[in-house]
Number of protein chains: 2
Amino acid sequence: MSTPAGYDPRAYEPVAVTVDIVALTIRDGELHVLLVERGEEPFLKRLALPGGFVRTSRNARGGIRGETPDEAAARELAEETGLVPGSPRLRRVHLEQLATFGAPRRDPRMRVFSVAYLAFAADLPDPVAGGDAASAGWVPLDKVRRLAFDHNEILAYGLERARAKLEYTPLATSFVGPEFTISELRAVYAAVWGKDPHAGNFHRKVLSTPGFVVDAGAMTQRGGARGGPRSRLYRAGRATLLHPALLRPADAPARGRSR
Amino acid sequence: MSTPAGYDPRAYEPVAVTVDIVALTIRDGELHVLLVERGEEPFLKRLALPGGFVRTSRNARGGIRGETPDEAAARELAEETGLVPGSPRLRRVHLEQLATFGAPRRDPRMRVFSVAYLAFAADLPDPVAGGDAASAGWVPLDKVRRLAFDHNEILAYGLERARAKLEYTPLATSFVGPEFTISELRAVYAAVWGKDPHAGNFHRKVLSTPGFVVDAGAMTQRGGARGGPRSRLYRAGRATLLHPALLRPADAPARGRSR
DNA sequence: AGAATAGTGTCTTTCAGACACTATTTG
DNA sequence: CAAATAGTGTCTGAAAGACACTATTCT
């Protein structure tokens, strides 16, 4: 009933599929998002989420070839951050599909469906400008203004997903280096949730959640910058879901306390 | 860098975007999924998830018109269930986006991205065959065999989402009629989780979760078919998130208890 | 009568969160 | 020394889950 007869897509309005990435990192205790300045119309010079088309082609025998959306997102992220695909730093980045945005007029030129992705990264170097994105950089969340297309909406959706994921997955470890202290981990929660969890309770809770972190067997070389004892170092554990979860404080944004 | 130059999509391999729907309902205490028999190649006569193309067109002035993916999913669901769009029964159906599946060769004919949706419905009538789907019907989950395309994967993804959503949202009420007993609600959890929660604890828990259900002020006319007192009737409350959540029993499928 | 079910009471264990406190390190 | 921080101890209240029990209604 709704199948284009004979599958001749040229008889139909052409559509395109892109990926857009909400890449988050933490710098100086603040959540930052990777944005690029657009180098062309529409929204020329406006900031936008990094992204691009999902590539498709055919081989000599007419077989379909191309990227999965996941692969396209990983490629775009590598391009925009200037990191080498498959490099250790990129491999520690968590990348997951968020949702697909497909309002008919979200791009004025043609029908474009955007598969949005969410990425969690430890502090990455400032990207070098290149390609058709005039420039790219990490922008603190509270400095984000009007973005191109529907990217504000996509960003908001990604933020809420990120906040929720910290509760029941160990993904906070994707925001810190391979070895980290409990305090560094707590700083991740503070930055993403906008509220610092109680230090003592947080400490005990992280250590009592099986598979969250494992002791790296070493201590920091120095105490905190403003005093305090040295602290133990940990590595990410093998758990993929936290049990019990680390619940957001009730007054943090969008805990969803019913009514 | 990855923008097709000049945005002439005809210079590029054409792509299509469809919606596919994992529509779930409960019949006789068992979870069922809506499937259609394909009326054409590929996968002729194979069962598949209902779905179809997201429609796009242009108006007289060249402006882009068309459906959002949400609208396309709602339309397809109406078509395949044989219900009137906007009818009260359809309006009680919960419909949400699941994920987008876009492996390059998931459809042998051309590059097709499928935006998958999840639908929760109270017991709906058997759909009448019509359109190009040779037939459609509700199939018990344990009778589902190999589906067309990657629809087994999409179905599995939808099931896991459904199980998780029952925990922290009141969506179980979408599976029952407008007025229901606590036992009927418990039967929803039993069917979706594959394990019947403890009746007494479930009862107390549902009533103590704010906004989950509200008293409808009436009782059933008869007790249970095999005896037992009459029970109180409830309606869905206004909560969108349950707090506290109804946790799945630890031995239920995929609780993800971390090691 | 006997079986099944609705709904309540109670106890134990687990966990979240508040608070206090000690030990260690920096400036 | 004063301030800051790591890490632990302890208490309270909320909630999950097990179990028992009463009352009601069906065959």
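All values below were derived from every heavy atom in this structure, side-chain atoms included, with hydrogens, water molecules and symmetry-related copies excluded. Letters go in sequence order (proteins before strands), and every chain restarts at 1.
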Would A:Tyr157 and A:Phe101 count as a side chain to side chain contact (heavy atoms under 4.5 Å, CB included) here? Give the steps.
CA-CA 11 Å; A:Tyr157 195 89; A:Phe101 293 77; 4.2 Å; yes
Tabulate atom names and distances for all N/O pairs under 3.5 angstrom spanning the protein and nucleotides 18-22 of chain D.
residue : atom : partner  : partner atom : Å
D:dA18  : N7   : B:Asn201 : OD1          : 3.4
D:dA18  : N7   : B:Asn201 : ND2          : 2.7
D:dA18  : N6   : B:Asn201 : OD1          : 2.9

May I have the distance from B:Leu185 (atom CG) to C:dA6 (atom C1'), rounded to whole angstrom?
14 Å
Spacing of B:Arg186 atom CZ relative to D:dG17 atom P, expressed in whole Å:
15 Å
Measure the distance from CG on B:Leu247 to P on D:dG17 and round it to the nearest whole Å.
6 Å
Can you tell me the distance, in whole Å, between the CG atom of A:Asp196 and the P atom of D:dA4?
15 Å
How many whole angstroms separate atom CD of A:Glu167 from atom C1' of C:dC15?
15 Å
Looking at residues 216-234 of chain B, who's got a heavy atom less than 4.0 Å off DNA chain D?
B:Arg222, B:Gly223, B:Gly224, B:Ala225, B:Gly227, B:Gly228, B:Pro229, B:Arg230
Donor-acceptor pair, side chain of A:Arg238 and main chain of A:Gly211, under 3.5 angstrom:
no
In chain order, what residues pass the ring pair (Phe, Tyr, Trp, His ring centres under 6.0 Å) check against B:Phe180, with sequence neighbours excluded?
none
Between B:His203 and C:dA6, does any side-chain N or O lie under 4.0 Å from OP1 or OP2?
no
Could you give the CG-to-C1' distance, from B:Leu246 to D:dG17, as a whole number of Å?
13 Å
Closer than 3.5 angstrom, by distance alone: can the side chain of B:His151 be matched with the main-chain N or O of B:Leu49 as a donor-acceptor pair?
yes
Contacts of A:Arg204 meeting salt bridge (Lys or Arg N to Asp or Glu O under 4.0 Å) (sequence neighbours excluded), chain-then-number -> none
Per atom distances to the B:Leu207 side chain, the nearest of D:dT8, C:dT8, C:dG7 is C:dT8
Look only at the side chain of A:Arg232 and the backbone of A:Ala216, and say whether a donor-acceptor pair between them is shorter than 3.5 Å.
no
Who pairs with A:Arg222 by salt bridge (Lys or Arg N to Asp or Glu O under 4.0 Å), at least two apart in sequence or on another chain?
none
For side chain to side chain contact (heavy atoms under 4.5 Å, CB included), just list the numbers for B:Phe149 and B:Ile154, CA-CA rounded to whole Å, side-chain angles, deciding distance to a tenth of an Å, and then say yes or no.
CA-CA 10 Å; B:Phe149 305 107; B:Ile154 297 176; over 6 Å; no
Hits for salt bridge (Lys or Arg N to Asp or Glu O under 4.0 Å) against A:Glu30, two or more places apart or cross-chain, chain-then-number order -> none
